Amino acid sequence: MYLLLDNYIIRGVQTIVSREYRIDSNIKLVNILGEFNKNIKYLSALFNISITSSDSSLRLEGEESDVANVEIFFDKLSEILNPSFDFSFNKIDELYYFHKSNPELSFKELFTNFITLGKNRKKNIYPKNLTQKIYVESIKNNVVTFGIGPAGTGKTYLAIAVALSYFNSSKVGKVVLARPAVEAGEKLGFLPGNMIEKVNPYLRPLYDALDDMLGVDNVAKLMDKGFLEVAPLAFMRGRTLNDSFVILDEAQNTTSEQMKMFLTRLGFNSKAVVTGDVTQIDLPSNINSGLVEAANILKNIKGISFVNFTKDDVVRHKIVRDIIKAYESR
């Protein structure tokens with residue numbers, strides 16, 4: 001893609017520019033425009049300029065600084081676009097917020113860092129913002145990594161993806177996922193069934209992530225063979241986990257004793273990731289969160305890393321960012 005300077009229009013103290021941005025002939029313009037031009041309409045709103053299309057070019061009109069910002073965005077986009085690139089509405093959102101938070105970094109920083117899940121993978125998985133990239137690198141480079149931040153930032157999903165990639169490349173022999181069985185502000189009362197049936201509702205989000213990556217059948221096969229385990233945190237007591245990749249999810253709902261118990265399960269050739277959101281603690285008010293305590297007392301230990309996510313790192317629907325922001329500002 002390349003740019004043609006067209007003209008300047010002076011409106012009051014503002015300089016309004018109108019420029020033509022030509023698209024590489026190998027790229028289908030419709031891939032960028034989206035159905036009924038909805039992609040371009042959304043980008044126009046995000047960057048506060050007018051973007052229109054004609055033939056193989058885009059017309060950019062707005063304040064000079066805003067137009068220049070869009071030019072940089074499309075320059076970075078041209079590095080990753082190819083005829084089959086999925087320039088979906090959600091992808092625009094991801095790229096825009098990455099560009100906004102990291103204007104100096106190229107999109108290649110994200111899209112060349114795939115997490116390989118092996119032959120059974122259902123999809124390509126990669127960090128979608130700089131914090132996620134740092135998080136994945138931290139997991140790979142440390143024995144224990146804490147991912148702390150709001151819902152929707154990919155803390156658990158990416159940890160599971162890295163764990164599965166370690167298993168498929170024979171770096172570990174087993175993947176263990178655990179969660180504390182704590183009611184989220186509700187009293188559920190008596191739950192029918194055996195022990196596994198009682199705790200499964202608490203573990204469902206972990207199964208959802210696994211199913212999304214590998215498919216239900218592949219997950220069942222790995223569990224049947226003992227290579228994959230999903231269990232409540234209480235089941236970790238008394239065990240030593242050698243040659244394992246262990247993930248503790250929703251760790252804000254662990255007590256101090258539970259957190260210590262979990263971290264001391266690690267055996268030889270094992271790695272652990274602990275995830276949680278300290279703004280959503282469901283423990284009784286008189287009990288301190290083991291995650292909050294761990295963040296204070298373990299921060300200077302070599303081999304333990306802490307990665308903090310913010311609302312700007314949310315990769316769900318953009319309204320989730322707005323919801324988190326609203327709750328933070330009340």
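All of these numbers come straight from a predicted model, not from anything done at the bench. Throughout, numbering of the chain's residues begins at 1 and tracks the sequence. Only heavy atoms go into these numbers, but all of them, side chains included; no hydrogens, no water, no symmetry mates.
- In plain terms, the two heavy atoms of Pro103 and Lys76 that are nearest each other are O-NZ, 3.4 Å.
- Thr131 places no side-chain N or O within 3.5 Å of a backbone atom of Phe309 that could act as its donor or acceptor partner.
- The side-chain heavy atoms of Asn129 and Lys133, taken from C-beta on, include no pair separated by under 4.5 Å.
- With no hydrogens or angles considered, no side-chain donor-acceptor pair links Asp313 and Tyr97 at under 3.5 Å.
- Under the 4.5 Å side-chain criterion, counting only non-hydrogen atoms from C-beta, Leu241 is in contact with Met236.
- Here the closest non-hydrogen pair linking Ile160 and Ala209 is CD1-CB, 3.7 Å.
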Notebook entry, point to check: What do the steps show when you test Lys155 against Glu250 for salt bridge (charged side-chain N to carboxylate O under 4.0 Å, His left out), and what is the final call?
Noted result: CA-CA 10 Å; Lys155 305 181 300 295; Glu250 294 290 316; over 6 Å; no
Next item on the list: Report the C-alpha separation of Thr156 and Thr275 in whole Å, then their side-chain angles, then the decisive distance to 0.1 Å, and conclude whether the side-chain hydrogen bond (donor to acceptor under 3.5 Å, both in side chains) test is met.
Entry: CA-CA 6 Å; Thr156 304; Thr275 70; 3.2 Å; yes
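- Remark: side-chain polar atoms of Asn218 are paired, donor with acceptor, to backbone N or O of Leu214 under 3.5 angstrom.
- The main-chain N or O of Leu266 is never found under 3.5 Å from a side-chain atom of Asn242 such that the two would form a donor-acceptor pair.
- What you find for Ser53 and Leu58 is that their closest heavy atoms are CB-CD2, 3.9 Å.
- The closest side-chain donor-acceptor pair between Glu293 and Asn296, if any, does not fall under 3.5 angstrom.
- Side-chain N or O atoms of Asn253 include one that pairs as donor or acceptor with a backbone N or O of Asp282 at under 3.5 Å.
- Between Ser256 atom OG and Ile287 atom CD1 the span is 11.0 Å, to the nearest 0.5 Å.
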Check: Which is it for Leu291 and Val274 under the side-chain contact (heavy atoms from CB on, under 4.5 Å) test, yes or no, and what are the steps along the way?
Finding: CA-CA 8 Å; Leu291 179 60; Val274 179; 4.2 Å; yes
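- Of all the heavy atoms in Phe306 and Ala294, the pair that sits closest is CZ-O, 3.6 Å.
- For the pair Ser138 and Ser305, the tightest heavy-atom approach, listed with the atom from each and the gap, is OG-OG, 2.7 Å.
- In the hydrophobic cluster analysis, where Ile, Leu, Val, Met, Phe, Trp and Tyr join through side-chain heavy atoms closer than 4.5 angstrom, Leu248 is grouped together with Ile301.
- In this structure, the side chain of Thr153 does not engage the main chain of Gly149 through any donor-acceptor pair within 3.5 Å.
- Classification of Arg239 and Glu229 as a salt-bridged pair holds, one side-chain N sitting under 4.0 Å from a carboxylate O.
- Residues Asp212 and Tyr207 have side chains not in contact (no heavy-atom distance under 4.5 Å, counting atoms from C-beta outward).
- Placement of Leu283 and Ile297 within a single hydrophobic cluster is found when ILVMFWY residues are connected by side-chain heavy-atom separations under 4.5 Å, directly or transitively.
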Next item on the list: Evaluate the salt bridge (charged side-chain N to carboxylate O under 4.0 Å, His left out) criterion for residues Arg59 and Glu61: first the C-alpha distance (whole Å), next the side-chain angles of each, then the deciding distance (0.1 Å), finally the verdict.
Entry: CA-CA 7 Å; Arg59 172 67 59 177; Glu61 183 174 329; over 6 Å; no
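- Scanning both residues, Ile148 and Ala295, for their nearest heavy atoms gives CD1-CB, 4.3 Å.
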Next item on the list: Go through the steps for Leu158 and Gln132 under the test side-chain contact (heavy atoms from CB on, under 4.5 Å), then give the verdict.
Entry: CA-CA 8 Å; Leu158 284 174; Gln132 286 195 350; 3.4 Å; yes
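- A donor-acceptor contact shorter than 3.5 Å links the side chain of Asp243 to the backbone of Gly173.
- Clustering ILVMFWY residues whenever any of their side-chain heavy atoms sit less than 4.5 angstrom apart, transitively, puts Phe227 in the very cluster that holds Val230.
- Remark: the backbone N or O of Ile139 is paired with a side-chain donor or acceptor of Lys271 at under 3.5 angstrom.
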Notebook entry, point to check: After noting the C-alpha distance and the side-chain angles of Phe47 and His99, does the key distance pass the side-chain contact (heavy atoms from CB on, under 4.5 Å) rule?
Noted result: CA-CA 11 Å; Phe47 285 99; His99 171 70; 4.1 Å; yes
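- Residues Leu210 and Leu222 form no side-chain contact, since every pair of their non-hydrogen atoms from C-beta on lies 4.5 Å or further apart.
- Between the side chains of Gln252 and Ser289, no donor-acceptor pair of N or O atoms lies under 3.5 Å.
- One hydrophobic cluster, built from ILVMFWY side chains closer than 4.5 Å, cannot hold both Ile72 and Phe74; they sit in different ones.
- For Asn37 (side chain) and Ile40 (main-chain N/O), no donor-acceptor pair under 3.5 Å exists by modelled atom type.
- Two residues are said to be in side-chain contact when any heavy atoms from C-beta on lie closer than 4.5 Å; Phe146 and Leu298 meet this criterion.
- Side chain of Lys174 to backbone of Phe245: no donor-acceptor contact under 3.5 angstrom is found.
- In this structure, Asn141 contributes its side chain and Glu137 its backbone to a donor-acceptor pair below 3.5 Å.
- For the atom pair CE of Met261 and OG1 of Thr255, the computed distance is 8.0 Å after rounding to the nearest 0.5 Å.
- Remark: Arg237 CZ is loosely packed, at most 12 non-hydrogen atoms of other residues, nucleotides or ligands lying under 6.0 Å away.
- Put simply, the side chain of Thr254 does not reach to within 4.5 Å of the side chain of Phe262, judged on heavy atoms.
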